[in-house]
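Keep in mind that the numbers below use all heavy atoms, side chains included, and drop hydrogens, waters and symmetry copies. Worth saying up front: this structure is predicted, and the values here are computed from it rather than measured. Below, chain A is the first sequence line, B the second, and so on; all start at residue 1.
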Protein chains: 2
Amino acid sequence: MSYGTEQLAARLKAAREAKGLSQRELSALAGVPQSHISKIENNAVDLRVSSLSSIAHALDLELMLVPRKALPAVQSITRSVASAPIINAATQRELDRIRETVNALASHVSGANIDDLQRRIREITQIQSQIDPEILQKVRRTIESIESSGSNEAVNQAVENIRSLRNQLAHRAASHESPRAPRPAYRLEEDQDG
Amino acid sequence: MSYGTEQLAARLKAAREAKGLSQRELSALAGVPQSHISKIENNAVDLRVSSLSSIAHALDLELMLVPRKALPAVQSITRSVASAPIINAATQRELDRIRETVNALASHVSGANIDDLQRRIREITQIQSQIDPEILQKVRRTIESIESSGSNEAVNQAVENIRSLRNQLAHRAASHESPRAPRPAYRLEEDQDG
DNA sequence: ACATATGATATAGAAAAGTAGATCAAATGA
DNA sequence: TCATTTGATCTACTTTTCTATATCATATGT
C-alpha cells in the first residue's frame, strides 16, 4: 500500500470503482479528461502531482509522505478504515460466506467462468453500498447449488445474477442518490435451481 | 500534513534538512539534478510522480494515498514517529529545557536575533544525530546568561555558538560516517560569560 | 433491435517537466 | 585571505504530460 508508480494505478482504479464512478464521471469531478484517466489507470503515463492530487481528491483520498518507519501502522489504519464502510455486520458476514463458498468451489471445479464468478464476487465486495444481506444469502444459495448440479450452465447463471446485481447497485448509486432504499426491488432468485 | 502541492515542497525540504543532506547530495541519491531539487523545494514546478517518488524514497519517505477518514490517525502516527528518532532521554530533556529557556527569553525580549536564535534551536532539534547532553547543557547556560546581561551581543554570541554546533554536526554526518564518535571535540564554551 | 454508457485508443497541438551544464552570491572552514 | 560548499538561477535541448476531440467494440437497459 505504499506506491511505486505501478501500484498507484491499481489503487486509483480500485478507489474509483469502490465509489461506483465511471471514468467519465470521475473525469468531470477531477477536471481531468477521461482519456487521461484511462491512461493513468493503465499505468501508461507518469502523471504530475497536480493531476494525482485532483483525482485523489475527487476520490476522497489524500496524498501523503509517510516515514518508512510509520508504514506498517499507517497501512493498518488505512486498511481498517477502508473496510469500515461496509454497512453492517450481517452484510459483511454474508460476503465472507460467499467468498468461502466460491473459493471452495474453485478448488475442485475450474474453468474460465469460475474465474468470472470470482471476479464478480470481488466487484460486489468493492461496492460499499447497502446490500441487503438477504439478497446475498440468495446469491450464496445459487452458488452452492452449482456444486450439486455441477453444470457449466449453473455457473454462468450465477455469474449473470451477480453481474445484474452489480449493475443495479451501480445504477442506483449513480442516478437517484437514495442511499438507503429500504428494500430495492432486486430480482435475483428466479432460477435458483433446475 | 496532507498535501496540496504547496506543502509538499516544505515537507521535502524539511525531510532533507532533517537528514542533514545538501541538495547536491540528495541529487545524487535520488538521481535528480540539483537545479531541479531547488525548483521543487521552491514550489516552482508541478513535478511528476516518479520524481516525487525517487526523492521521497531517498529520504526514507513513502508516497501514500490515505482515505480522508483516516487522515487524523495517520497524521498522529506520522508525527510520533517523526519525533521518535531523538537518541536518548537525556538529550531529549535538554532540548526541551533549551526550548523553554528560549521561549521565556523571547517573551520579554524581542528582536531579529532572538528570532535567529529560535530558528537555530529548531534546526538543532531537527538534526537527529547523537548530541551529547552535556553540550546542550552548555548551550542552555549560554542562553540563560543572556537574561542577566541583556546585551544584544550576548544573543548574537549564542546564535553563533549554536550555528557552529549545527555545522559541526552536519559536517560529521557528511564526511566520515562515524555514527557514534564518543565525544567529538566540540569547542563551544570559550566565551560563556563576560 | 436500438440507444446509451463504458473503457481503450488515436491524433495533433500546447504546455511543462526533465536533463545537462554553467554561473553566482553567501556562508563556512581552514 | 583563500578554497569549498551551498542553494538559487539561467540557458538550451529533449521528452512527456496534458488537453481536446473523436472513434471504436463491448456491454447494458429499455
Looking at the side chain of A/Arg24, which of C/dT9, D/dT19, D/dT23 is the nearest nucleotide?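 Within the option list, the nearest is D/dT23.
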So which nucleotide from C/dG7, D/dT17, D/dG7 ends up closest to the side chain of A/His36?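 Nearest to the side-chain atoms of A/His36, counting from C-beta on, is D/dT17.
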A/Asp60 vs A/Lys19, salt bridge (charged side-chain N to carboxylate O under 4.0 Å, His left out): CA-CA, chis, key distance, verdict: CA-CA 10 Å; A/Asp60 289 317; A/Lys19 288 187 94 70; 2.9 Å; yes
Output the rounded distance in Å from [atom1] ([X]) to [atom2] ([N]).
X       : N      : atom1 : atom2 : answer
A/Glu17 : C/dT6  : CD    : P     : 12 Å
B/Asp46 : D/dC18 : CG    : P     : 8 Å
B/Ile37 : C/dA17 : CD1   : C1'   : 15 Å
A/Leu47 : D/dT19 : CG    : P     : 10 Å
A/Lys39 : D/dC18 : NZ    : P     : 9 Å
A/Gln23 : C/dA5  : CD    : C1'   : 12 Å
A/Glu41 : C/dG7  : CD    : P     : 8 Å
A/Leu52 : C/dA16 : CG    : C1'   : 17 Å

Presence of B/Ser38 side-chain N/O under 4.0 Å of D/dG7 phosphate oxygens OP1/OP2: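 The answer is no; no side-chain N or O of B/Ser38 sits under 4.0 Å from OP1 or OP2.
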Residue-phosphate contact under 4.0 Å: B/Asn42 side-chain N/O, D/dG7 OP1/OP2: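 Checking D/dG7 against B/Asn42, no side-chain N or O comes under 4.0 Å of OP1 or OP2.
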Salt-bridge present (B/Arg16, B/Glu41; N to O < 4.0 Å):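 Salt bridge between B/Arg16 and B/Glu41, a charged N being under 4.0 Å from a carboxylate O: yes.
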Quick check: closest heavy atoms across B/Arg11 and A/Pro67, and the distance to 0.1 Å?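 Closest approach of B/Arg11 to A/Pro67: NH2-CD, 4.0 Å.
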Where each residue is assigned the nucleotide of DNA chain D containing its nearest heavy atom, which of B/Arg48 and B/Lys13 is assigned the position nearer the 5′ end?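 Whichever sits nearer the 5' end wins; that is B/Lys13.
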With a 3.5 Å cut-off and heavy atoms only, can you find an N or O donor on one side and an acceptor on the other between the side chain of A/Gln34 and the base of D/dA20?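 Looking at the base of D/dA20, it does not pair with any donor or acceptor on the side chain of A/Gln34 (distance under 3.5 Å).
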Return the 5'-most residue of the pair B/Ile40, B/Ser35 with respect to DNA chain C, ranking by each residue's nearest nucleotide.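 By nearest-heavy-atom nucleotide position, the 5'-most residue is B/Ile40.
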Could you give the distance from NZ (A/Lys13) to CG (A/Leu59), rounded to the nearest 0.5 Å?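 Between A/Lys13 NZ and A/Leu59 CG, I get 13.5 Å after rounding to 0.5 Å.
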Side chain to side chain contact (heavy atoms under 4.5 Å, CB included) involving A/Ala73 - partner list, sequence neighbours excluded: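 Only B/Ile77 meet the side chain to side chain contact (heavy atoms under 4.5 Å, CB included) criterion with A/Ala73.
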